[in-house]
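Report on one structure; see the data block that follows.
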Amino acid sequence: MSMYFIGIDISKYKHDCCIISAANQKVVSKVIIKNNKAGFNELLTIIHSLANPADIRIGFESTAHYALNLELFLENSLLIFMEVNPVLISEYKKSKTLRRTKTDSVDCESIARWLMTVEYKPHSKGFYHAYSLKSLTRLRDKLIRQRSFYLVKITNVLDHTFPEFKPFFNERLSKTALYLLENYGSAEKMARMNSASYEKLRSVSRGKFSPQQFLRLKELAVNTVGVNNSIFDVELNSLLSLYKSLVKEIDTIKKEINQLIEEVHPHYMSVPGIGPLSAAVIYSEYGDISNFTNPGQMLAFAGIEPGINESGTESHGGKMVKRGSSQLRYTLINCCLPLIRFDMTFATYYAKKRGEGKPHRVAITHVAKKLIRVIYALESQDIDFNAQELR
């Protein structure tokens with residue numbers, strides 16, 4: 001039987017499908033299926049009417065969560081599929097025509113024809129675990145950004161009511177500082193604190209908040225230039241409530257992430273500097289490392305590889321392309337900071353790059369490239385990290 005390529009353009013409520021025969025490279029059919037069970041069953045009927053499932057090549061663009069239900073359906077139906085980077089399809093379309101035509105019908109045909117030109121690499125089975133981690137790690141990242149936003153807003157209120165407060169705590173809203181804001185709020189109330197108040201503060205700070213600091217804070221509260229206004233009190237209480245809620249949710253998500261990554265426990269968790277949260281981001285973004293045939297592909301996936309500009313007699317490297325997951329790049333580079341402090345091989349490599357005149361950011365990016373090569377070696381050889389064998 002002939003082989004068929006099926007390109008699917010994913011959207012929220014329906015999916016456009018184009019089926020092309022490998023025998024004559026002509027379009028066999030174009031159909032629109034709804035994003036529901038009836039639509040998925042219709043697609044399955046069409047697929048089984050064409051050929052043996054082993055001779056079917058299905059591909060669609062990576063479109064966030066809109067394709068998840070279809071992916072799960074195809075996997076449960078024992079069908080393989082390939083996710084495609086939208087940038088590749090966009091560039092492929094540009095190479096075929098100068099016309100700027102973008103419709104779902106055109107896009108699904110472009111995906112099908114692109115599949116015919118590349119090595120088919122089906123999505124790994126059991127991807128749902130990685131998808132769960134990706135959802136949780138990205139949600140945690142968003143909540144952390146929101147938490148930072150509320151901290152800024154709290155600081156803005158304090159600038160009006162008690163501007164001396166945050167500098168007293170070295171510009172940090174520590175656990176002790178937040179306790180004071182939650183229980184006293186205004187400078188006027190802090191100025192009236194007594195010995196019983198200090199004992200509670202001492203307990204919260206685990207004995208770190210000294211009597212001298214307590215008296216100094218009361219003095220600042222008495223002589224503050226801040227404004228005592230009930231509106232600011234309401235605003236502060238509201239912001240503190242939102243902040244505390246986010247802290248609780250972030251902690252809950254962190255526990256769930258830790259549990260999920262421990263079930264997988266990839267070998268690169270044995271690398272110094274890669275903790276459960278970092279490992280979860282790496283696992284969720286890369287997925288199954290066996291999908292990559294060499295470390296260079298992993299570099300390209302993370303967007304850490306340099307651009308290359310070659311023309312005529314000139315050839316030089318460009319800046320980092322920065323395509324792919326920004327969260328993955330951020331995590332990989334952050335993992336390198338403890339590595340160059342605690343691992344001699346990585347520290348030596350970093351020092352070598354600095355000795356070549358490269359700035360810190362560029363040198364640490366080179367360390368991240370080395371880390372990716374190590375991750376690839378650990379997973380492909382099914383071994384844990386051993387600093388003695390690293391070179």
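Residues: numbered from 1 along the sequence shown.
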Show me the pairs that pass side-chain hydrogen bond (donor to acceptor under 3.5 Å, both in side chains) and involve residues 222-235, at least two apart or across chains. E164-T224, E188-N228
Quick test of your reading: applying side-chain hydrogen bond (donor to acceptor under 3.5 Å, both in side chains), list the pairs with at least one residue in residues 146-159, sequence neighbours left out, ordered by first then second residue. T155-K166
Tell me every residue that passes side chain to side chain contact (heavy atoms under 4.5 Å, CB included) with E262, counting only those two or more places apart in sequence or in another chain. H265, M269
Think R57 forms a cation-pi with Y120, using NZ or CZ under 6.0 Å from the six-ring centre and within 45 degrees of its axis? yes
Measure the spacing between CG of L173 and CG of L181 and express it to the nearest 0.5 Å. 6.5 Å
d(E42 CD, K37 NZ) to nearest 0.5 Å is 15.0 Å
To the nearest 0.5 angstrom, please state how far the CD1 atom of I111 sits from the SG atom of C18. 9.5 Å
Output a table of donor-acceptor pairs, distance under 3.5 Å, between side-chain atoms of residues 242-257 and any protein atom two or more places apart or on a different chain; print 'none' if there are none.
residue	atom	partner	partner atom	Å
T252	OG1	K248	O	3.0

What side-chain hydrogen bond (donor to acceptor under 3.5 Å, both in side chains) pairs are there with at least one residue in residues 267-282, not counting sequence neighbours? H267-D382, H267-D384
Below 30° counts as parallel, above 60° as perpendicular, anything between as tilted: where do the rings of H160 and F232 land? parallel
Angle class for the F81/F60 ring planes (parallel below 30°, perpendicular above 60°, tilted otherwise)? parallel
Please set out all donor-acceptor pairs under 3.5 angstrom arising from side-chain atoms of residues 347-358, sequence neighbours excluded.
residue	atom	partner	partner atom	Å
T348	OG1	M344	O	2.7
Y350	OH	H360	ND1	2.7
R354	NH1	K358	O	3.0
E356	OE1	K358	NZ	3.1

